[in-house]
Amino acid sequence: MDGVGGVIVETEAYGPDDPASHAYGGKTRRSATLFGPPGRLYVYRSYGIHWCANAVCGKDGVGTGVLLRALEPTHGLDRMRARRGVHDLALLCAGPGRLTQALGLTGEHDGFPLDRPPFELTAGDPVEVVAGTRVGITRAVDRPWRYSLKGSSYVSRPRPRS
DNA sequence: TTTACGATTAACT
DNA sequence: GTTAATCGTAAAG
């Protein structure tokens with residue numbers, strides 16, 4: 001949106017049976033979007049400061065989603081740099097909160113369809129993906145549901161700190 | 001109504 | 001490596 005975008009290089013899966021998922025334990029006010037129709041955006045606030053974006057998938061009413069953790073910036077770099085206040089390309093979208101900040105995503109975008117303007121979701125070239133353990137959660141930490149683009153230097157893990 | 005906590009990040013010792 | 005920032009949501013009173 002706004003001319004910014006990139007290639008998704010890191011995601012994490014969250015499902016109804018997942019203790020770490022917002023969908024766990026049934027539908028709540030916050031996770032309502034997660035239980036809606038697939039192909040939409042689920043945005044929530046984390047630690048009171050950060051926004052995190054999920055792509056809702058699975059059937060309508062199920063409550064499954066994919067957390068977008070990292071992006072390889074390809075479009076609107078200037079705009080993202082301005083929003084993030086960071087010059088390093090590798091740090092622009094290397095993390096859930098960073099990603100949403102760079103793209104300008106907020107709670108207003110919660111429930112927004114991903115296949116309509118100002119969003120655009122396209123299938124990329126077939127890529128090699130590696131599975132790993134998830135990050136930043138306190139429960140079910142050992143579930144290997146983290147998927148990242150093999151060899152990408154834009155992933156958020158080994159956390160590049162400034 | 002009140003209290004505790006988190007799918008994080010950035011700053012500091 | 002450790003800790004503060006900061007607020008909506010959920011669970012308890």
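Proteins come first, then strands; the chains are lettered A, B, ... in the order of their sequence lines, and each starts at number 1.
Of the options A/Phe35, A/Tyr44, A/Tyr14, a side chain to side chain contact (heavy atoms under 4.5 Å, CB included) to A/His22 is made by A/Tyr44 and by none of the others.
Following rounding to the nearest Å, A/Gln101 (CD) and C/dT6 (P) show an atom-to-atom distance of 14 Å. In this structure, A/Trp51 places its CH2 atom 15 Å from P of B/dT9, rounding to the nearest Å. Rounded to a whole Å, the NE2 atom of A/His50 is 8 Å from the C1' atom of C/dA5. The nearest whole Å value for the distance from the CD1 atom in A/Ile49 to the C1' atom in B/dA7 is 14 Å. In this structure, CH2 of A/Trp145 is placed 15 Å from P of B/dA7, rounded to the nearest angstrom. Note: CD1 (A/Ile137) to P (B/dT9) measures 14 Å, nearest angstrom. In this structure, A/Asp88 atom CG and B/dA10 atom P are separated by 12 Å, rounded to whole Å. If you take CG of A/Leu67 and C1' of B/dT9, they are 14 Å apart, rounded to a whole angstrom.
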Check nucleotides 1-3 of chain B for protein N or O atoms closer than 3.5 Å to its own N or O atoms and list the pairs.
none

Pairs under 3.5 angstrom, nitrogen or oxygen only, protein versus nucleotides 10-13 of chain C, please.
residue: C/dA10; atom: OP1; partner: A/Thr28; partner atom: OG1; Å: 2.3

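An aromatic stacking contact between A/Tyr44 and the base of C/dG8 is absent, as defined here by ring centres under 5.5 Å apart and ring planes under 30° from parallel.
Taking each heavy atom of A/Gly5 and A/Met80 in turn, the nearest pair found is O-CE, 3.9 Å. Residues A/Ala90 and A/Tyr154 come closest through the heavy atom pair CA-CD2, 3.8 Å.
Considering only side-chain N and O atoms, A/Ser21 lies nowhere under 4.0 angstrom from the phosphate OP1 or OP2 of B/dA7. The phosphate of B/dT9 (OP1 or OP2) has no side-chain N or O of A/Arg84 nearer than 4.0 angstrom.
Here the side chain of A/Asn54 pairs no donor or acceptor atom with the backbone of A/Val56 at under 3.5 angstrom. A distance-only check finds no donor-acceptor pair linking the side chain of A/Ser21 to the backbone of A/Pro16 [under 3.5 Å]. In this structure a side-chain-to-backbone donor-acceptor pair under 3.5 Å is present from A/Arg81 to A/His87.
In terms of hydrophobic clustering, with Ile, Leu, Val, Met, Phe, Trp and Tyr side chains grouped at heavy-atom distances under 4.5 Å, A/Trp51 and A/Phe119 are assigned to a common cluster.
Under a cut-off of 6.0 angstrom, the local environment of OH in A/Tyr24 is sparse, with at most 12 non-hydrogen atoms contributed by other residues, nucleotides or ligands.
Of the candidates C/dA5, B/dA7, C/dG8, C/dG8 carries the atom nearest the A/Arg45 side chain, counting heavy atoms from C-beta on.
For DNA chain C, the stems formed by at least three consecutive Watson-Crick or G-U pairs, with both atom-pair distances below 3.5 Å, span B:1-6 with C:7-12, B:8-12 with C:1-5.
Every residue meeting the side-chain contact (heavy atoms from CB on, under 4.5 Å) condition with A/Thr28, not counting sequence neighbours, appears here in chain and number order: A/Arg30, A/Ser31. A search for side-chain contact (heavy atoms from CB on, under 4.5 Å) contacts involving A/Ile8 returns A/Thr11, A/Leu68, A/Leu71, not counting sequence neighbours.
No donor-acceptor contact under 3.5 angstrom links the side chains of A/Arg83 and A/Gln101, judged on distance only.
Within the hydrophobic cluster formed by Ile, Leu, Val, Met, Phe, Trp and Tyr side chains joined at under 4.5 Å, directly or through other members, A/Val66 stands alone, with no partner residue.
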